[in-house]
Peer 1: 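I have a structure here, written as structure tokens, and I will follow up with some questions on it.
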Amino acid sequence: MARIHSLGFPRIGRKRELKFQLESYWTGDSSRTELLATAHTLREQNWQHQSGCDLIPVGDFSLYDHVLDTSALLGNLPERVDTNNDDLDNYFRIARGRAQNGDCQCVHAGEMTKWFDTNYHYIVPEVTADTAFSLNPDSLLAQVREAQQVNGPSHSVKPVVLGPVTYLWLSKAKDGSDRLALLERLLPVYTELLAALAAEGVEWVQIDEPILVTELDSAWRLAFEQAYHHLKVAPVKLLLTTYFGELQDNLQLACQLPVAGLHLDAISAPDEVAKLVDWLPIHKVLSLGVISGRNIWKTDLTRTLDWLEPIAAKLGERLWLAPSCSLLHVPVDLSLEATLDAEVREWLSFAAQKLQELQVLKSALNHGRDSVTEELRDNQRAIISRQQSTRVYNPAVKAAVDGITAELGQRQSEYTERAAKQRAVLQLPDYPTTTIGSFPQTTEIRQARLAYKQGTLSESDYQSHMKAEIQRAVEEQEALGLDVLVHGEAERNDMVEYFGEQLEGYVFSRFGWVQSYGSRCVKPPILFGDIHRPNAMTVEWSKFAQSLTDKPMKGMLTGPVTILNWSFVRDDQPRKATCLQLALAIRDEVLDLEQAGIQVIQIDEAALREGLPLRRSQWQSYLDWAVHSFKVCANGVQDETQIHTHMCYSEFNDIMPAIADMDADVITIETSRSDMELLDAFDEFEYPNEIGPGVYDIHSPNIPSQEQIVSLMKKAEQRIPRERLWVNPDCGLKTRQWEEVIPALKNMVEAAYSLRDQVVSEQAGYAQSANDSVLDVVLL
Ligand SMILES: Nc1nc2c(c(=O)[nH]1)N[C@@H](CNc1ccc(C(=O)N[C@@H](CCC(=O)N[C@@H](CCC(=O)N[C@@H](CCC(=O)O)C(=O)O)C(=O)O)C(=O)O)cc1)CN2
Ligand SMILES: [Zn+2]
């Protein structure tokens with residue numbers, strides 16, 4: 001009899017209840033009791049959704065981030081938070097750099113980075129050679145008891161913990177020490193934890209080790225042996241859990257570790273299933289992730305059963321089924337989507353529906369397909385409807401993609417030639433200043449958009465409201481003295497969803513939110529068919545903004561790779577094919593902007609680096625099509641048009657040739673927190689084009705001083721000639737308040753003035769000494 005379980009469920013709630021509660025707690029508008037009550041209710045609802053499972057996860061819920069929870073569990077929050085003994089305040093201090101109610105006991109927040117190849121971000125654990133761990137299990141144990149109480153004895157409660165090896169791998173050694181050296185100190189804490197869980201009556205613990213799907217050197221592989229031999233004495237059964245990829249050369253290692261079961265992401269690694277069925281020792285459970293936790297398509301249940309039935313016959317009790325990974329990465333509940341395109345909705349499945357699919361599979365395997373005839377028939381109908389829908393295929397789009405040539409991605413002239421022409425047109429000073437695109441998305445803006453979408457605000461009122469916001473942004477920028485202006489993106493809900501809403505081939509949900517970090521969510525649009533741009537998307541807004549100023553106004557677009565990586569995309573054609581379709585659509589927009597007189601166009605590729613495959617061996621083929629897509633979209637313009645691109649994660653060391661190959665005239669990147677060290681990659685590679693290294697950390701409410709900015713630019717100049725430097729923040733300002741943005745940008749612009757003054761006086765100095773030497777000669 002196959003059993004089913006879930007690896008984790010979204011925490012934000014069907015209507016983002018956690019987000020709103022957290023934000024009101026942080027501003028002091030609601031109490032801690034209310035926050036904890038909401039958290040309790042959400043956990044209860046989540047267990048309700050998962051009640052068809054034989055094992056129910058606990059510990060997958062989090063108030064902010066599960067990696068930060070693990071740091072708290074292991075007694076490894078950075079020492080800088082120890083200003084008082086309040087655990088929750090300390091937790092939020094590391095998450096956000098401050099505690100409740102704008103409390104000014106600010107400490108710098110933990111670094112945030114993306115979770116594998118997803119758009120979820122975790123707080124990086126900090127360690128040093130001196131780190132000591134100590135178990136802090138109260139919160140997890142309380143949740144275990146809560147789960148047992150809520151779910152009753154008929155369900156096993158299965159705690160989910162991040163495994164010790166992956167925990168260290170995700171950590172950053174602040175002193176540059178070897179973080180693996182801490183494993184020996186860490187393992188006894190895990191043993192203690194497992195014993196404490198066993199004492200609560202826990203039988204199975206899910207121990208997540210997703211780094212097993214990445215390339216590991218021998219030290220890390222050895223760490224797995226060491227860790228799991230140490231933990232094997234624990235009085236619980238461990239389900240070693242991997243996801244997001246194939247095990248490849250770690251497959252044998254994973255099979256041999258002394259644990260009671262292994263979970264494989266069978267969606268990412270279908271070819272490894274047969275090997276595991278044959279090789280996994282017979283006392284071990286094999287859990288197969290057969291429902292994708294990374295997309296929103298219905299599973300083809302009949303096809304899945306076709307290949308599962310022989311496996312079930314072979315493994316019997318040893319077979320468990322689950323989603324491929326935690327459902328954290330998909331929206332909560334499709335049943336809320338009353339307004340979603342009805343045909344496409346039939347093809348979809350969100351977290352709650354995915355668990356129902358799992359139950360159908362279980363019934364079919366345990367009691368025969370006859371026990372779920374109707375469910376299988378409905379599912380099959382939906383699968384066929386999607387395969388045969390005429391809305392998915394557009395022959396004209398296919399022909400356009402087939403017609404793409406290499407020349408389509410080439411600028412007319414080399415960078416140096418273009419740069420001269422652009423200088424003549426744009427007349428920018430040294431150290432030109434600009435921002436990355438968005439200005440604060442205020443409550444008023446969002447409320448207006450909500451009212452417009454709900455039909456209580458007319459289209460023309462909405463447009464005037466947004467135009468007023470754009471006008472405000474332009475006026476502020478002119479008053480500040482910025483050189484290249486932006487319109488501020490007030491009219492955009494999100495840099496990806498906004499474009500999805502305007503392209504054919506997409507549908508979008510109303511409540512399909514997915515957590516990106518902490519209380520921040522995204523609503524990835526759903527790309528179901530061939531992509532076509534029926535109308536210009538941004539031109540009217542950009543033209544309006546340009547009409548308000550004599551300064552150059554940057555057109556602002558999201559690039560094809562980022563749109564691809566931050567959408568839910570089709571699984572019936574390679575990602576590359578979808579990306580090229582997006583590239584052609586954005587290319588049309590670029591050319592229309594140029595036609596409308598926009599001289600500078602920024603095409604954001606924030607997710608280009610983040611989309612790198614987890615295994616390095618697959619990087620090059622991804623980069624080839626990703627960079628090609630960018631070039632197709634960007635490089636059709638005249639020499640005089642200046643193309644900018646922007647990327648937030650700026651560790652480019654290992655992909656410099658690809659970045660250079662994109663051939664953007666200017667790239668703006670996130671560097672301020674690294675003290676400009678990230679520019680070393682550009683320096684070493686002798687990157688030829690212009691760079692705007694971020695001088696203002698927009699993730700923090702802190703306002704950088706003019707001196708700090710000058711000092712950062714001086715560091716930049718040690719790496720990049722100043723003729724090719726721009727001055728700008730790290731990223732967009734949408735999550736900040738105007739009160740923070742104005743003083744920060746004021747300091748930034750003044751820093752640029754002071755840098756220009758220094759150039760002038762240096763040049764005067766040279767001129768003076770040159771004159772002096774002429775004089776010397778004359779006197780001689
Ligand atoms: N897709 C994407 N991924 C990204 C980023 C990004 O910008 N976009 N940035 C990086 C960091 N991640 C981020 C992710 C989300 C947000 C963010 O600010 N999200 C907003 C939602 C943005 C949005 O879609 N807003 C909508 C809906 C706004 C809303 O919540 N409206 C309320 C009503 C208004 C209110 O009372 O505030 C409602 O519908 O109930 C709009 O503006 O129209 C949030 O969580 O608050 C920021 C950074 C990496 N990944
Ligand atoms: Zn950015």
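When a ligand or atom number is given, it counts from 1 through the structure's own listing order.
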Peer 1: Taking only non-hydrogen atoms of His121, do any sit less than 4.0 angstrom from ligand 1?
Peer 2: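 Yes; His121 lies near enough to ligand 1 that a heavy-atom distance drops under 4.0 Å.
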Peer 1: Counting from 1, what ligand 1 atoms have a heavy atom of Val522 closer than 4.0 Å?
Peer 2: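 Answer for ligand 1: 1 (N), 2 (C), 3 (N), 14 (C), 15 (C).
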Peer 1: Looking at ligand 1, does any of its N/O atoms fall within less than 3.5 Å of an N/O of Phe20?
Peer 2: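 Phe20 vs ligand 1: no N/O contact under 3.5 Å.
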Peer 1: Measuring from atom OG of Ser335 to atom CZ of Arg345, what distance do you get when rounded to the nearest 0.5 angstrom?
Peer 2: 10.0 Å
Peer 1: Is the closest heavy atom of Lys19 to ligand 1 under 4.0 Å?
Peer 2: yes
Peer 1: Look at the aromatic rings of Trp738 and Phe439 and report parallel, tilted or perpendicular, splitting at 30° and 60°.
Peer 2: parallel
Peer 1: Atoms of ligand 1 less than 4.0 Å from Gln447 heavy atoms?
Peer 2: 35 (C), 36 (O)
Peer 1: Between Tyr452 and Tyr462, how do the two ring planes meet: parallel, tilted or perpendicular, split at 30° and 60°?
Peer 2: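 Aromatic pair Tyr452/Tyr462 classed parallel.
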Peer 1: Which atom names give the shortest non-hydrogen contact between Ala664 and Thr645, and what distance separates them?
Peer 2: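 Residues Ala664 and Thr645, closest heavy atoms: CB-CG2, 3.8 Å.
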Peer 1: May I ask you to say whether Arg294 pairs ionically with Asp571, meaning some side-chain N is under 4.0 Å from a carboxylate O?
Peer 2: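 Salt bridge flag = no for Asp571 with Arg294.
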Peer 1: Does a salt bridge link Asp494 with Lys523, judged by any charged N lying under 4.0 Å from a carboxylate O?
Peer 2: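 Result for this pair is no, no salt bridge flagged.
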Peer 1: Which protein heavy atom lies closest to atom 32 (C) of ligand 1, and at what distance to 0.1 Å?
Peer 2: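 Sorting protein heavy atoms by distance from atom 32 (C) of ligand 1 puts Arg16 NH2, 4.0 Å first.
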Peer 1: By number and element, which atoms of ligand 1 are closer than 4.0 Å to a non-hydrogen atom of Arg449?
Peer 2: 41 (C), 42 (O), 43 (O)
Peer 1: Is Met495 near ligand 1, meaning one of its heavy atoms is under 4.0 Å from it?
Peer 2: yes
Peer 1: Show me which atoms of ligand 1 lie under 4.0 Å from any heavy atom of Trp513.
Peer 2: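 Close to Trp513: 21 (C), 23 (C), 24 (O), 27 (C).
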Peer 1: Check this for me, if you would: do Asp730 and Arg673 make a salt bridge, where the nitrogen-to-carboxylate-oxygen distance has to be below 4.0 angstrom?
Peer 2: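 Result for this pair is no, no salt bridge flagged.
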Peer 1: Below 30° counts as parallel, above 60° as perpendicular, anything between as tilted: where do the rings of Phe116 and Phe244 land?
Peer 2: tilted
Peer 1: Checking contacts here: is it the side chain or the backbone of Asn119 that comes within 4.0 Å of ligand 1, counting heavy atoms only? Could be both or neither.
Peer 2: side chain
Peer 1: Give a yes/no verdict on whether any heavy atom in Lys453 is under 4.0 Å from an atom of ligand 1.
Peer 2: no
Peer 1: Would you mind running through ligand 1 and noting each atom that sits below 4.0 Å from a heavy atom of Tyr517?
Peer 2: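 Checking each atom against Tyr517, I get 11 (C), 12 (N), 13 (C), 48 (C).
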